[in-house]
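Take a look at the structure set out below.
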Amino acid sequence: MEAISANQVQLMSLERGRARIQTRPHLSGSPREQGDGAPVMSTINETSDTEIHDSESKPFTVKVEIDVMQISLAILSLLTRTWRLGVPRAVVFDELHFAKFVSLYIKHIFFFDVHPPLGKLLLASAGRYAGFEGDINFERIGAEFPASVPVEMLRAFPAVLGSLVVPIVYQICVEAGMSRYASTVAGVLILLDNALLVQSRFMLMEGMLIFFSTLSVLAYLKFRNSTREFGLMWWFWLCLCGISATCTLSVKYVGVFTLILVLVRIFRDFWLMLDDGSKSDLTLVKHLFCRFVAMVTLPVIVYLSIFYVHLSFLYKAGPHDSVMTSAFQASLEGGLATLTKGQPLNVAYGSQITLRHTENVAVGQPCWLHSHAHMYPVKYPDKRGSSHQQQVTCYIFKDINNWWIIKHPDRQDLMVEDPPKPVKHGDIVQLVHGITSRALNTHDVAAPMSPNNQEVSCYVNYNVSMPAQTLWKVDIVNRESDDETWQTIKSQIRLIHVNTSAALKTTGKQLPEWGFHQLEVAADRMVNQKATVWNVEEHRYTRSSEKEKQAAELQQAELIPLKPTYLSFWAKLYELQIKMLLSNQDAKLEHKYSSGPKDWPFMNRNIAYWMSATDNSQIHLVGNIVVWHASTVSVICYLAVLLFYLLRRQRAIFDISEARWQHFVFQGELFIGGYFLHYLPYFLEDRTLFLHHYLPSVAFKVLVLAALGDHLYSVLPNTSKLSAIIKYGTVVLIAATIHAFICLSVFTYGSEALTPQQIKSLTWIDTWDFLFH
């Protein structure tokens, strides 16, 4: 009888549920509980038997649900981000760099940037579509764009993507099981945040970065809520999650935190699935395989494809060539290939060469082995003595003192033999400085800046007990066989000192004034390190006016081709990736508007983006103070509520149902986890940081605010005072947000000539720094 009664109760509940569905409209996305207790979003209307019968009788009928609020938010977002998009028609903040990158893309000129290329490729695509020919010539923020630059079109692409963040955040809330009211609040707060708006209106990366980041989270939730495993939409959302997360990473490397977030969530969901006894082993293997394909294999393919397009476009030499190795430069049209065309390919005894260090000491600072007719000081400031022989340095500019002659140890002649005798791996050579005619030498004397290494000099015979030690063994690092010939550009070599087995290297340390602030060269017994690798960049055979016949015969030697040297995509990609990841281009520098992570949550700093030359119209990156403060406090409160529940549950006091608890924990892991994942790593950064680095975290903390308000309102009785406080507090929050947005919009659009009194009245936080003429 108890089982019968239970069934009757279940049927009565079902009938009451159907009656409610028929009397009020269904809200797609309201949470329903599955067997595992995790909230899953329903995307299909529950219909009565009559409705099912009607739909079956009309097989070609399509039913469409329109979310008026989401559409309204999208339209408002597009309007606010595209209004007066061409104003100012001047360079705003980092448009100084990105507009130039667009120009170089269109002209196919190679450039180097520490960030991945997707955002710049999208801007270049918009520019090409608008007919832009790459004619840009400006050097400062505030300079007017030439008439040929389609400013509105170039800014439109990030503006449109930035405007889509608002409806995406709204839909994230819906898919995460929040009410439509909470979703609307989240969308409105994102819509009215001045900082997100400013960053989306110009040729900047963060608008696109946040778009792909939020799209990744939405795709993950859509995938998680899909009810049909391995179906078309299930695959679509899973693949979109992997692709959009990769696109986030491909705009800026900080996008890796979004990729980590969704990867952890997707594979954690799989881990929890292992506890489901209803799933067969084969089904679990299929799940793992699908996740691996969509979240590992597909992202790798997308990432490589983006760089393939990037490197395919940039095939001409440009101003950033010196960042790359000689081999990379030689593969570019019109660069090192032009400089070295017709040079002998094989290095021979008697060759004149320049030796370039393969690892740049800093971005844009290659260096060449160099010497000059100046001696090391007799004693250094620390009272150490030197050999007082001729200085050998690494010089960051091309110079006549960079030339060396390869000499055979058993011959005095510095000319190339007829026929040339090539130098091979393992051969013993001497390097004679071309201008001073002194041989490269090292000995057991401490280097000037690195006492743990040996000093390198050009030998001067002072007729004292310090014999010449000028023999070096050629070690070709990238050889394919032990009898390989030393070749120009291609061969990466180490010069290993015969007497001490130390390898020639540059330490990267700068010499004092006596060394003309050039870079230290030393010899290190630790041979196998990147600092010891060099390559020949420029090369010629030694000529003599008395040996015209020999010179004519030498012309028949194998020469470097006139066309750019071929370098595979994989070799280019590897070199570019290493330099991008290890670059210190964003090193610690003083900047008036720089700030640190401690300044960001409550927006204690702003950034000046642009100021009119004639009045006080100006644009600043400054967020909506109501949104930033309220959402920051909500992160703290969410953690406090979570701790409260944990302490109560530890005492076996369950204030909410298990399903609601799991839902609360899930939202916290996703949103608070996303917030801290995008925020906390900056505390470890040792470079100049700005407020815009914090913007990806802003979207997550707004989601935390919406989730906290929705949870508290759902668990509190409708008649309680706290429930009323949340309801009316939300109205006050929105009203205050609108007021702050309107007040600060003069710094968002730069459309009003402000008086000093107005600027002072809008300096709501003492550390904000606005400008005055």
Side-chain angles (χ1 to χ4, degrees), residues 27-31 39 41 67 69-70 72-74 76-77 164-193 195-196 210 213-218 220-222 224-225 261 265 601 623-642 656 660 663-676 678-679 695-716 722-723 725-738 740-741:
L27 295 180
S28 175
S30 57
M41 315 330 309
D67 192 324
M69 181 55 70
Q70 188 174 25
S72 301
L73 287 171
L76 288 172
S77 180
L164 292 176
V165 172
V166 174
I168 287 175
V169 166
Y170 173 89
Q171 192 62 34
I172 286 174
C173 294
V174 172
E175 295 296 327
M178 299 183 212
S179 67
R180 298 286 173 158
Y181 298 105
S183 304
T184 301
V185 170
V188 169
L189 296 182
I190 296 292
L191 171 70
L192 298 178
D193 182 63
L196 294 176
I210 297 170
S213 177
T214 52
L215 182 61
S216 305
V217 176
L218 175 61
Y220 159 68
L221 289 170
K222 286 279 192 181
R224 186 175 187 268
N225 296 337
L261 177 67
R265 287 305 319 172
N624 190 311
I625 191 170
V626 177
V627 175
W628 285 48
H629 283 64
S631 54
T632 299
V633 171
S634 72
V635 173
I636 300 170
C637 292
Y638 202 106
L639 293 173
V641 173
L642 179 63
I656 54 178
R660 195 178 291 278
H663 188 212
F664 182 74
V665 171
F666 168 74
Q667 289 182 339
E669 289 176 349
L670 183 61
F671 299 146
I672 293 186
Y675 173 73
F676 284 128
H678 287 80
Y679 172 52
L695 293 182
S697 302
V698 173
F700 283 97
K701 70 177 185 178
V702 169
L703 288 168
V704 173
L705 173 60
L708 178 65
D710 184 68
H711 174 77
L712 293 177
Y713 187 75
S714 64
V715 298
L716 294 172
L722 287 176
S723 179
I725 290 174
I726 293 174
K727 183 187 299 183
Y728 295 114
T730 303
V731 176
V732 173
L733 174 68
I734 296 298
T737 300
I738 294 172
F741 173 79

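At least one donor-acceptor pair under 3.5 Å links the side chain of H663 to the backbone N or O of A176. For the pair D710 (side chain) and A182 (backbone), a donor-acceptor distance under 3.5 Å is absent. Using a distance-only test at 3.5 Å, with no hydrogens or angles considered, no donor-acceptor pair links the side chain of T214 to the main chain of I168. At least one donor-acceptor pair under 3.5 Å links the side chain of S183 to the backbone N or O of S179. N225 places a side-chain N or O within donor-acceptor distance of the main-chain N or O of L221, the cut-off being under 3.5 Å.
Between H711 and F664, the angle of the ring planes lies from 30° to 60°, which puts this pair in the tilted group.
In this structure, R265 is not positioned above the aromatic face of F666 in the sense of NZ or CZ being under 6.0 Å from the six-membered ring centre and within 45° of the axis.
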Show your reasoning for whether side chain to side chain contact (heavy atoms under 4.5 Å, CB included) applies to Y170 and V165. CA-CA 9 Å; Y170 173 89; V165 172; over 6 Å; no
V732 vs Y728, side chain to side chain contact (heavy atoms under 4.5 Å, CB included): CA-CA, chis, key distance, verdict: CA-CA 6 Å; V732 173; Y728 295 114; 5.5 Å; no
Step by step, would you call F671 with I172 a side chain to side chain contact (heavy atoms under 4.5 Å, CB included)? CA-CA 10 Å; F671 299 146; I172 286 174; 3.9 Å; yes
Run the side chain to side chain contact (heavy atoms under 4.5 Å, CB included) test on V217 and F700 for me, step by step, so that the C-alpha distance in whole Å, both residues' side-chain angles and the decisive distance to 0.1 Å come before the verdict. CA-CA 10 Å; V217 176; F700 283 97; 4.0 Å; yes
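Looking at every heavy atom in both residues, R660 comes nearest to S714 through NH1-OG, 3.1 Å. Q70 approaches P167 most closely through the heavy-atom pair NE2-O, 3.2 Å.
Between the side chains of K701 and S634, no donor-acceptor pair is found at a separation under 3.5 Å.
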